Number of protein chains: 2
Amino acid sequence: MILKAIVRDYTSSGVPVGSKALAAQLPMHVSSATVRNEMAALEELGLIAKTHSSSGRIPSVKGYRYYVDHLVQPDPIKANDIDIIKSSLEGQFLKIDEIIETSAKILSNLTSYTAFSLKPEHKQSRLSGFRLVPLGKRQVMAVLVTDNGDVESQTFNITPKITGDQLEAVVRLINDQLIGKPLDEVLEALKSDIPMQVANYLQQPEGFLKVFGDVLTQAAQERFYVGGRLNLLSFSDSNDVDELKSLYTLMDHSDDMADVLGKPSDRIQVKIGSEMTNDILKDYSLITATYEAGDHGKGVIALLGPTRMPYSRMIGLVGAFRQELAQRLIDYYRYFDQ
Amino acid sequence: MILKAIVRDYTSSGVPVGSKALAAQLPMHVSSATVRNEMAALEELGLIAKTHSSSGRIPSVKGYRYYVDHLVQPDPIKANDIDIIKSSLEGQFLKIDEIIETSAKILSNLTSYTAFSLKPEHKQSRLSGFRLVPLGKRQVMAVLVTDNGDVESQTFNITPKITGDQLEAVVRLINDQLIGKPLDEVLEALKSDIPMQVANYLQQPEGFLKVFGDVLTQAAQERFYVGGRLNLLSFSDSNDVDELKSLYTLMDHSDDMADVLGKPSDRIQVKIGSEMTNDILKDYSLITATYEAGDHGKGVIALLGPTRMPYSRMIGLVGAFRQELAQRLIDYYRYFDQ
DNA sequence: TTTAGCACTCAAACAGTTCAAGTGCTAAGA
DNA sequence: TCTTAGCACTTGAACTGTTTGAGTGCTAAA
């Protein structure tokens with residue numbers, strides 16, 4: 001009970017909490033001296049700590065962990081928040097990516113923290129189509145489609161010497177040999193025998209190979225969206241510019257970020273400070289949740305905030321949000337599947 | 001001479017400069033008292049100011065202005081810097097946009113400030129082609145090409161009820177009526193008679209109209225690239241999070257940013273602090289320069305740094321960079337024009 | 001016109017004081 | 001054995017006063 005009160009108090013005020021204030025807050029009547037004894041015990045257990053020898057207590061990482069695992073009760077979500085979520089997800093979206101991107105924005109707006117969203121994916125993507133669309137004398141657009149419905153495209157310039165027939169031959173080559181293969185196998189092939197074959201049709205295959213490689217790696221990457229990047233400036237206590245820079249750089253690297261998010265699980269997961277592998281996140285916590293989009297697979301939403309965040313509210317919010325999002329996606333797919 | 005010395009000193013040290021230190025620095029022998037008299041005169045003219053009644057002097061905006069207009073001598077660029085520029089621009093680029101984007105990065109790296117780049121544009125863009133590329137049962141990619149070579153694309157989902165014939169009819173409609181028109185006229189048409197005509201072919205034209213509008217506005221917008229966003233965190237003296245947020249928000253709005261950059265001119269332009277229309281830029285300065293890409297029009301590069309920046313070095317750098325970039329673009333076009 | 005000299009100002013750094021909010025410990029009481 | 005009142009002690013924060021150094025403006029003499 002005392003640990004719970006300390007976490008609640010500290011996360012809302014940001015000030016170390018002392019025995020007297022705490023005693024006044026507890027539901028039963030106890031003196032501050034009693035609380036002090038209990039606090040000494042909790043400190044012995046490593047659940048709370050002092051900032052200096054005569055200060056009040058703050059939760060340790062271990063303390064937060066215990067709180068999150070055993071004590072926290074997710075706040076029931078406010079009707080107002082539900083309204084905001086519902087109405088923001090309401091619009092007519094033409095692409096699933098728009099919904100996912102919007103999700104990160106909504107979640108960051110509601111919390112004033114930074115939110116991440118990953119779109120649902122129910123299996124390893126496979127190449128399902130590749131095209132080169134001529135756009136004019138010198139421009140060509142390369143378009144790659146996966147069986148998960150991801151589309152990546154990129155335009156590039158070619159010398160006018162290359163004919164439409166040549167391009168078609170290349171496209172046929174790719175489609176004949178690679179369609180239906182998982183993207184990582186395609187990437188492998190691009191490193192081994194494909195270049196030689198393409199060279200049969202193009203004098204200078206480097207340009208094409210680079211673009212094909214680019215769209216491939218783009219498609220293979222788990223694309224995630226970030227909402228409320230700038231909020232980091234507010235909730236970070238750090239005045240260290242270099243630390244902020246590293247954080248922003250981290251958020252822009254999807255690979256590193258995938259590491260940070262870790263394995264998704266069906267329960268709402270909370271990672272606290274130094275529990276995260278990445279050192280620069282030691283003063284932050286991450287709440288991760290999956291959402292289920294019918295039989296279209298599972299996606300992930302996550303929320304990054306300061307270690308001292310009001311977990312009960314945030315967990316409640318993430319929980320409610322994942323449900324609304326799942327519902328919205330089911331509606332979305334129903335419309336297009338019909 | 002004294003003003004010049006004050007600006008040089010202050011921009012490199014960041015500390016208000018006093019009469020004694022200044023006297024020691026001047027090429028001829030004068031006492032600090034003499035310098036004080038001169039400083040009082042300069043202050044009278046509004047070229048320098050004190051931070052408090054017994055402090056050293058710092059340049060005022062008017063002082064910087066005078067310095068930049070009459071006193072500054074651009075630093076000759078270091079051989080090392082030229083090497084960095086040359087080698088960074090050397091690679092094989094498949095799109096002009098990559099060169100422009102890289103430019104902003106190079107410039108920000110060299111200076112530790114934030115850089116902007118705009119690609120060359122020699123006239124109002126006109127619509128030169130529009131396509132709808134079916135990508136599968138439910139996905140369509142809309143592609144728009146302008147006569148300046150800009151390409152914008154976006155994928156969207158449609159209900160499977162829509163047939164290829166319908167899409168083709170819409171594409172024909174657009175191409176017949178709008179090709180060759182300036183983009184703003186096309187946007188006008190999209191608001192007036194186009195919707196009704198499209199409705200002849202599609203039951204629910206909203207989706208298509210939205211996507212078409214989106215790619216149009218994207219293409220109509222002057223696309224500019226930002227390099228070294230994060231550097232702003234280092235060179236801004238401001239600890240005010242809200243101010244930083246506004247700055248970042250400003251940089252993400254191309255319209256507002258176009259206002260800030262202002263009319264390009266062939267000379268290297270410097271806008272100092274409050275000379276800029278936008279209030280939140282009052283502690284920053286902007287160096288703008290155009291670069292000429294042969295007969296492919298003019299582009300713009302710009303550098304945003306603190307008002308107290310070493311102008312001579314920065315102006316020298318921007319001047320050298322614009323030349324290297326122009327040269328690189330001419331090479332680039334020569335390759336593809338042949 | 002330049003300069004030495006002087007009185008004055010101010011921010012910054014530092015030391016000392018007070019205050020409030022804590023602590024741990026002890027001994028008495030339930 | 002647990003709870004509590006009481007007390008000595010600790011600490012950061014806020015504040016005051018002092019000193020110092022870097023600067024100023026002004027005056028009068030060279």
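Since we're looking at a predicted model, the values are computed, not measured. Convention: sequence-line order gives letters A, B, ...; per-chain numbering from 1.
- Within the structure, no pair that satisfies the side chain to side chain donor-acceptor pair (under 3.5 Å) test touches residues 105-118 of chain B, not counting sequence neighbours.
- Mapping A:Ala21 and B:Ser31 onto DNA chain C by nearest heavy atom places B:Ser31 at the nucleotide closer to the 5' end.
- A close approach under 4.0 Å does not occur between any side-chain nitrogen or oxygen of B:Thr34 and OP1 or OP2 of C:dT2.
- Protein atom CD1 of B:Ile48 is 14 Å distant from nucleotide atom P of D:dG23, rounded to whole Å.
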Which donor-acceptor pairs under 3.5 Å do side chains of residues 62-72 of chain B form with protein atoms, sequence neighbours excluded?
from	atom 1	to	atom 2	distance (Å)
B:Lys62	NZ	B:Leu45	O	2.9
B:Arg65	NE	B:Asp69	OD2	3.2
B:Arg65	NH1	B:Val270	O	3.0
B:Arg65	NH1	B:Glu275	OE1	2.5
B:Arg65	NH1	B:Glu275	OE2	3.1
B:Arg65	NH2	B:Asp69	OD1	3.2
B:Arg65	NH2	B:Val270	O	3.2

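- The overall bend of the helix from C:dT1-D:dA30 to C:dA30-D:dT1, read as the angle between its terminal helix axes built from five base pairs each, is 20° when rounded to 10 degrees.
- B:Tyr311 and B:Ser285 form a side-chain donor-acceptor contact under 3.5 Å, judged by distance and modelled atom types alone.
- The aromatic rings of B:Tyr284 and B:Phe235 stand perpendicular to each other, their planes meeting at an angle above 60°, with 30° marking the opposite boundary.
- The CD1 atom of A:Ile2 sits 11 Å away from the P atom of C:dT23 (whole-angstrom rounding).
- For the 3.5 Å distance criterion, the side chains of B:Thr34 and B:Ser31 qualify, holding a donor opposite an acceptor.
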Hey, what are the protein-to-nucleotides 24-30 of chain D N/O distances that come in under 3.5 Å?
from	atom 1	to	atom 2	distance (Å)
D:dT24	OP1	B:Arg57	NH1	3.1
D:dT24	OP2	B:Ser19	N	3.1
D:dT24	OP2	B:Ser19	OG	2.5
D:dT24	O3'	B:Lys50	NZ	3.4
D:dG25	OP1	B:Arg57	NH2	3.0
D:dG25	N7	B:Arg36	NE	3.3
D:dG25	O6	B:Arg36	NH2	3.4

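- In this structure, the CD atom of A:Gln25 is 16 Å from the P atom of C:dA21, given to the nearest Å.
- Counting to the nearest Å, the P atom of D:dG12 and the CD1 atom of A:Ile58 are 14 Å from each other.
- The separation between A:His52 atom NE2 and D:dT11 atom C1' is 5 Å, rounded to whole Å.
- In this structure, A:Asp9 atom CG and C:dA21 atom P are separated by 15 Å, rounded to whole Å.
- Under a 3.5 Å cut-off, the side chain of B:Arg322 and the backbone N or O of B:Thr290 do form a donor-acceptor pair.
- For A:Glu38, the side chain to side chain contact (heavy atoms under 4.5 Å, CB included) partners at least two apart in sequence or on another chain are A:Ile2.
- Residues passing the side-chain hydrogen bond (donor to acceptor under 3.5 Å, both in side chains) test with B:Thr307: none are found, sequence neighbours excluded.
- What separates OH of B:Tyr10 from C1' of D:dA22 is a distance of 16 Å, to the nearest Å.
- Crowding of B:Lys245 atom NZ: a count of heavy atoms from other residues, nucleotides or ligands under 6.0 Å exceeding 12.
- Residue B:Leu22 contributes atom CG, which lies 14 Å from atom C1' of D:dA22 at whole-angstrom precision.
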